[in-house]
There are 2 protein chains.
Amino acid sequence: MSDAFVESDAEGDFQEDITDSPVVAETGEADFLDEEEGEHDNLLQDLQEANALQRGNVESNAVDARKVQQPETIDSFKTRLAGPSTHKAGLDKVDKRKVEEVIYEISQGSAFFENERRRDKATSDRIAALMERYEKIKNNDLTPHHVVVDAMLERLDRSRDLSQYICHIDMDAFYASVEELDRPDLKTKPMAVGGMGMLTTANYEARKYGVRSAMPGYIAVKLCPQLIIVPNNFEKYIAISKKVREVFAIYDPNFQSMSLDEAYLNITEYVEQHEMTPASVVSEIRQRIFEQTKLTASAGIAANKMLAKICSDVNKPNGQFQLPNDRAAIMEYVRGLSVRKFPGIGRVTERVMESLNVKKCEDIYTHRGILYQLMTEVHFVFLIRIYLGIGSNEVADDYESHRKSVGVERTFSNISDRASLYAKLDDISKKLSEHLRAKELKGKTLTLKFKKSNFEVYTRAKTLPKYTNAAAEIFEHGQRLLDAELPVTLRLMGLRMTTLRSTHANEGLMRFFSIAPNASPNTSPVQPAQSTQPPQSVSFPTTTAPLPGSPPQDYTCPICSVTFHSKDNHQFNAHIDLCLNRTEVKSLVADERKRKPIDSPAPPPQRSITSFFK
Amino acid sequence: MSDAFVESDAEGDFQEDITDSPVVAETGEADFLDEEEGEHDNLLQDLQEANALQRGNVESNAVDARKVQQPETIDSFKTRLAGPSTHKAGLDKVDKRKVEEVIYEISQGSAFFENERRRDKATSDRIAALMERYEKIKNNDLTPHHVVVDAMLERLDRSRDLSQYICHIDMDAFYASVEELDRPDLKTKPMAVGGMGMLTTANYEARKYGVRSAMPGYIAVKLCPQLIIVPNNFEKYIAISKKVREVFAIYDPNFQSMSLDEAYLNITEYVEQHEMTPASVVSEIRQRIFEQTKLTASAGIAANKMLAKICSDVNKPNGQFQLPNDRAAIMEYVRGLSVRKFPGIGRVTERVMESLNVKKCEDIYTHRGILYQLMTEVHFVFLIRIYLGIGSNEVADDYESHRKSVGVERTFSNISDRASLYAKLDDISKKLSEHLRAKELKGKTLTLKFKKSNFEVYTRAKTLPKYTNAAAEIFEHGQRLLDAELPVTLRLMGLRMTTLRSTHANEGLMRFFSIAPNASPNTSPVQPAQSTQPPQSVSFPTTTAPLPGSPPQDYTCPICSVTFHSKDNHQFNAHIDLCLNRTEVKSLVADERKRKPIDSPAPPPQRSITSFFK
DNA sequence: GATCACACA
DNA sequence: TACTTGTGTGATC
DNA sequence: ATTCACAAC
DNA sequence: TACTGTTGTGAAT
Ligand SMILES: Nc1ncnc2c1ncn2[C@H]1C[C@H](O)[C@@H](COP(=O)(O)OP(=O)(O)OP(=O)(O)O)O1
Ligand SMILES: Nc1ncnc2c1ncn2[C@H]1C[C@H](O)[C@@H](COP(=O)(O)OP(=O)(O)OP(=O)(O)O)O1
Ligand SMILES: [Mg+2]
Ligand SMILES: [Mg+2]
Ligand SMILES: [Mg+2]
Ligand SMILES: [Mg+2]
């Protein structure tokens, strides 16, 4: 053939080869308590006192269901419709109401609009269910729960590690700034990157109008008619990103990239060796980035990644902010922050928490008794770690080696025709196969994703008989998954491979035949031999089952010694599971069970917690 | 990474895997006289008489330079600016002037506009140069030239083959019609396929407004504000194209695809075996296509591919037209057609010919004496074949086996930054490598193509030390070519590989060492051991050199016996070359030089002649 | 093991 | 005309 | 062997 | 915001 043609218009190519920079998005730290023991002077009492001072009698300040309950309002829907990224830097001064109104008017009646309404209703329902549960427990005595929670707080606080200077660096309006390099005239004009269909970012001029990431371009031009839209050019961003990373490497060869435009650095060693302050080191980093790329970056410095990330946003753009490695300062600073600021808490969770009157971090402490009863242990711990300002300070660039999935998905104008759907699937199969082969990976689980014309999303997965990365096989299995759904009208189709294994990996008997398999480039063993902790899945007695013997009234966690009431059976089990969680196990049990730190070091947790309330 | 993102907006994916349908565009038949001898009754006299009757004394009707000369006018520029596809079906009734005016106003001052102005100036200059040459010869005696030309006409006419029924089938508004399958509501509305940047086609409703292929979408919406634009979906078109081809195969298993939406069929055999008329067979084909795809096609039936193609446009859309296999009918029909109708004669050649007062095919005969002196032999023959309505009737689907190049090119927003240019090049190298490997090809010549921000196009080629399809090697050589041009600001970059060879081909000494090298999945030795033929370049006496012996006054072509004057040295050489042309050689010399028709049959010519005047 | 909703760049 | 793409995570069944 | 302009879908 | 992508051909150097 050769009818080959690309719709030149809006966007430009797809970003096919991502290998370069891990997406790994946020650093929410799903693990808790993974720091090496810090000092532990302050106790729970401090916490209680501090809060009592500031807010009167906390215990009696129980949530009022009437005030709390958030009905499914037009307002909540309009806010949702406005998109997920409304709290980014540069958007503080815009009139959110007006923006929401414009978006609402434009979107009226579209399939997207209706789907968003459906999803908004779903979270409203979820809130309603939560309120019902709240009604049932609101008169419970909170004291026993506070005892448990306060014990957790104490444990966590003791584990606090303030010894490291962690820095988070994030480029300002990254894609947009890169484009401005080639078109300097745009620097003073409102400009966004992407296409009329979707923007990936906007410069700060445009943000004044409410234009931002993940906003459709055609809505953006309604908000800002002078807006100039520049198409994506991923190769550019990858190229510039490389330059930035070269600077990072000077200050911390183990820097951890979180995306093309941001990374964590542990500058503790650099600070000591050069006898500089953390702030001056970071200032130097930003200066050097600017020299190499003519681009500005913002940075945050703090005792852990979570706080550093929050700090990098404080003086954005082209600024930096340090939160002292001091417990009181941290507690004081965090207290007043909106929970939404914390990575892992998005717009849905924010709304749910708001329904419990939890908006700022201090509210977490205030309502800890209620939250403890309504939330999953994991998520509750996640919250109190936020409240305490505790997070991971492990900085390690080990993304590719722990990659868990590879996928390809495409949106297109509606397709119903069977042959055309197959053709799309074939195309996507080939692309996925290419990516897998480029990364020298095979996979054993194939997931078909599809979005119907009404924007409803589904996934269908199948474990394959054997590991593969062959396009034909991928297509064949994908086709079976798709066939079960026909007929359908789709607007998106995707395939994702999970349960990955390196092509070089020795498999079964094959391992005896494999000869020197092309050592992967980054095998430099940077970290000292401190990796003596046991790997993840230690064979612990499965504590989710009730303890042997006759059912006692109270249960005590064999790991952290917390006591539970007999009625809290489910919660107790959840807690045990949590205590057996990798990081928890690591910090609390490691010393007892000396397990060989052999081959594969435990993969670091990569993202935040989601799905907050049971 | 994972910042992966596609500009969703306008277009959709690139059509990466073209393997499915050859592009091969037009069927202009650069070879002349490749038919097997037809009957030959009518002679040159017929031609002369017929023309003399219709137009008085032809010889004295010499071109008048004053009337002829076409100055570089605003008008010619506006016409050029309107684009290349203004003569397609459905566009006859539009007010071309108005459309041109709108386009002119919108494009004002853009880089594209200025580049088009430059190119228009170039053809104006070319015409001016041609006029100068015309001035020098306009008083020559035409008689001797007419003698030569008339001899050629006679030879050609004798070779005419009217024994075959060739049919050209072309889907109506193909991409647009496919999209209408999924969105039937669009059938009655003006609609185009592509994006705001570029359209690939438009339905017939939209064509009423002047909207057509290769028109930027944003201009189209100016011409037709209600226009609905649907993005390209190449997989769809490929899938539907397959269905259409299944129908073709029923009527001629050797059908020759020219693109996703058109093909030639030789239905002679089918007609005989089923005792049907060609028209009824074609009607049945179209009916069956409709049943299988719900799409309409148009068709032309004639004695050769050139005429069949022209005929398929006559009753488009959803119609067919047969030109009888009758010399007189053909001559009569062709006579009145604009030369622009013929594939191979585009807008530039049309304008150049117009400057010589050649607009309709009959004008070719009228001015044959002048044209013969001003044009290259090849092109002159091309023209008189058109005049005679003679073309190839060989229908053979052998595209992939004779593919001559594979390439990838991309347009993007301007890039100046060196690192970003390299990143783009790397991306394109990878894509080219993928395509080559998918087709199991390697290449030895790499051509870098680039378009500067002002739309000027350049190519830079290099013959590689060895055949390759490796991305790294491609990038490396491409980089060298690019480096020589830096610094530049580009809007497009492309790489194309030529001098291709199958991956399976044994190469040099390596063949002795290749031990079942990791049997690539497709090492199935499909082809038998017929590879005993001598390679392409048989050592023929190079006939471009002057004949041995003392220079005679007159030269006679050793192949076709035409005589040339001594002054026509250059022209004579050109003629000899032409006569030794593969197809010419094949049909005229083959019997003397019994060459085994083994393995690789001479690749059929695939396109038309261009570059008409010396 | 499979599906969903959420989060983030 | 146009509401993404790639990846990870926990809950649930 | 290289570069350019033209053509077609 | 936005003027394509793939292939082939002949002429000229
Ligand atoms: N929703 C998204 N979809 C696709 N790409 C995105 C999305 N959000 C951001 N990106 C891309 C474009 C951004 O320039 C780049 C870095 O994101 P991010 O750091 O959050 O914003 P930013 O760098 O553009 O502005 P800033 O950091 O100054 O707020 O990632
Ligand atoms: N300039 C171009 N660039 C890219 N793709 C094109 C171009 N021209 C045509 N195409 C694609 C889209 C067309 O639907 C398809 C077939 O082309 P063609 O047969 O010439 O027109 P068409 O089928 O759209 O209308 P019709 O044949 O009814 O005049 O090839
Ligand atoms: Mg950023
Ligand atoms: Mg970022
Ligand atoms: Mg067509
Ligand atoms: Mg066609």
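Quick caveat, the model's predicted, so the values are computed rather than measured. Naming: A, B, ... by sequence-line order, numbering from 1 per chain.
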Look at all strands and tell whether B:V221 reaches a base, only sugar-phosphate, or nothing, counting heavy atoms closer than 4.0 Å.
-> nothing
Hey, what's the ring geometry for B:F234 with B:Y175, parallel, tilted or perpendicular (30° and 60° as the breaks)?
-> perpendicular
Atom OH of B:Y175 and atom C1' of E:dA8 are separated, to the nearest Å, by 12 Å
Under 4.0 angstrom, heavy atoms only, what part of the nucleic acid is B:K451 near: base, sugar-phosphate, or nothing?
-> sugar-phosphate
Nearest to side-chain heavy atoms of A:K462, which nucleotide of D:dT7, C:dA2, E:dT2 | C:dA2
Answer with base, sugar-phosphate or nothing: what part of the nucleic acid does B:L227 contact at a heavy-atom distance below 4.0 Å?
-> sugar-phosphate
With respect to the side chain of A:T459, which nucleotide from F:dT9, C:dC4, C:dC6 is positioned closest?
-> C:dC4
From the list F:dG10, E:dA7, F:dT9, which nucleotide is the closest neighbour of the side chain of B:R347?
-> E:dA7
State whether A:R410 places a side-chain N or O below 4.0 Å from either non-bridging phosphate oxygen (OP1 or OP2) of D:dG6.
-> yes
How close or far is atom P of F:dC3 from atom CG of B:D120, stated in whole angstroms?
-> 21 Å
When you measure from the side chain of A:A461, which nucleotide among C:dC4, F:dG8, C:dT3 comes out closest?
-> C:dT3
According to a strict under-4.0 Å criterion, is A:K444 in side-chain N/O contact with OP1 or OP2 of C:dG1?
-> no
Would you mind classifying the nucleic acid contact of A:Y458 as base, sugar-phosphate or nothing, using non-hydrogen atoms under 4.0 angstrom?
-> sugar-phosphate
Regarding the side chain of B:S405, the nearest nucleotide among F:dT7, C:dA9, E:dA7 is F:dT7
Presence of A:R403 side-chain N/O under 4.0 Å of D:dT7 phosphate oxygens OP1/OP2 = yes
Any B:S259 side-chain N or O less than 4.0 Å from OP1/OP2 of E:dA8 = no
Spell out yes or no: do the side chain of A:S107 and the base of D:dC3 have one donor N/O and one acceptor N/O closer than 3.5 Å?
-> yes
Examine F:dC3: is either OP1 or OP2 under 4.0 Å from a nitrogen or oxygen in the side chain of B:K222? Give yes or no.
-> no
Minimum-distance nucleotide (side-chain atoms of A:E409 versus C:dT3, D:dG6, C:dC6) = D:dG6
Between D:dG10, E:dC9, D:dA2, which nucleotide has the shortest distance from any of its atoms to the side chain of B:D261?
-> E:dC9
Which whole-number value in Å describes the distance from B:E456 CD to E:dC6 C1'?
-> 17 Å
Within the structure shown, what part of the strands sits under 4.0 Å from B:I219 by heavy-atom distance: base, sugar-phosphate, or nothing?
-> base
Kindly say if B:S110 contacts the phosphate of F:dC3, meaning a side-chain N or O under 4.0 Å from OP1 or OP2.
-> no
Give a yes/no on whether any side-chain N or O of A:T411 is located under 4.0 angstrom from OP1 or OP2 of D:dT5.
-> yes
Which atom names give the shortest non-hydrogen contact between B:K222 and B:I106, and what distance separates them?
-> CG-CD1, 3.0 Å
Could you check how far CG of A:L81 sits from P of D:dC3, rounded to whole Å?
-> 14 Å
Looking for any heavy atom pair under 4.0 Å, which part of the strands does B:A214 touch: base, sugar-phosphate only, or nothing?
-> base
Can you find a heavy atom in the side chain of A:I229 that is under 4.5 Å from one in the side chain of A:V193?
-> no
Would one find a side-chain N or O of A:T445 under 4.0 angstrom from OP1 or OP2 of C:dG1?
-> no
Against the side chain of B:K449, the closest entry in F:dT9, F:dC3, F:dT6 is F:dT6
Give the minimum heavy-atom separation between B:S241 and B:L260, together with the two atoms involved.
-> OG-O, 2.7 Å
Would you mind classifying the nucleic acid contact of B:R491 as base, sugar-phosphate or nothing, using non-hydrogen atoms under 4.0 angstrom?
-> sugar-phosphate
Please check if any side-chain donor atom of A:T447 sits under 3.5 Å from a side-chain acceptor atom of A:R496, or the reverse.
-> no
Hey, is the side chain of A:R183 poking within less than 4.0 Å of OP1 or OP2 on F:dT1, counting only N and O atoms?
-> no
Residue mapping more 5' on DNA chain C - nearest nucleotide basis, A:R119 or A:K88 = A:R119
Contact nearer the 5' end of DNA chain C, comparing A:T447 with A:G346 | A:T447
Just wondering, are more than 12 heavy atoms of other shown residues or ligands nearer than 6.0 Å to NZ in A:K444?
-> yes
Pair B:T123-B:R351, side-chain donor/acceptor within less than 3.5 Å | yes
Length of the CD1-C1' vector between B:I345 and E:dA5, whole Å = 16 Å
Which one, C:dC6, D:dG8, D:dA2, comes nearest to the side chain of A:Y218?
-> D:dA2
Over how many whole Å does the gap from B:I428 atom CD1 to F:dT6 atom C1' extend?
-> 14 Å
Should A:E350 and A:R347 count as an ion pair when the cut-off is N to O under 4.0 Å?
-> no
When we call it a touch if two heavy atoms are under 4.0 Å apart, what does A:R496 touch: a base, just sugar-phosphate, or nothing?
-> base
Between B:H402 (NE2) and F:dG8 (P), how many Å, whole number?
-> 11 Å
Using heavy atoms to find the nearest nucleotide of DNA chain D for A:V406 and B:I228 separately, return the residue whose nucleotide is more 5′.
-> B:I228
Provide, to the nearest angstrom, the distance between the CG atom belonging to B:N414 and the P atom belonging to F:dC3.
-> 10 Å
Which nucleotide, C:dC6, D:dT1, E:dT2, lies nearest any side-chain atom of A:T349?
-> C:dC6
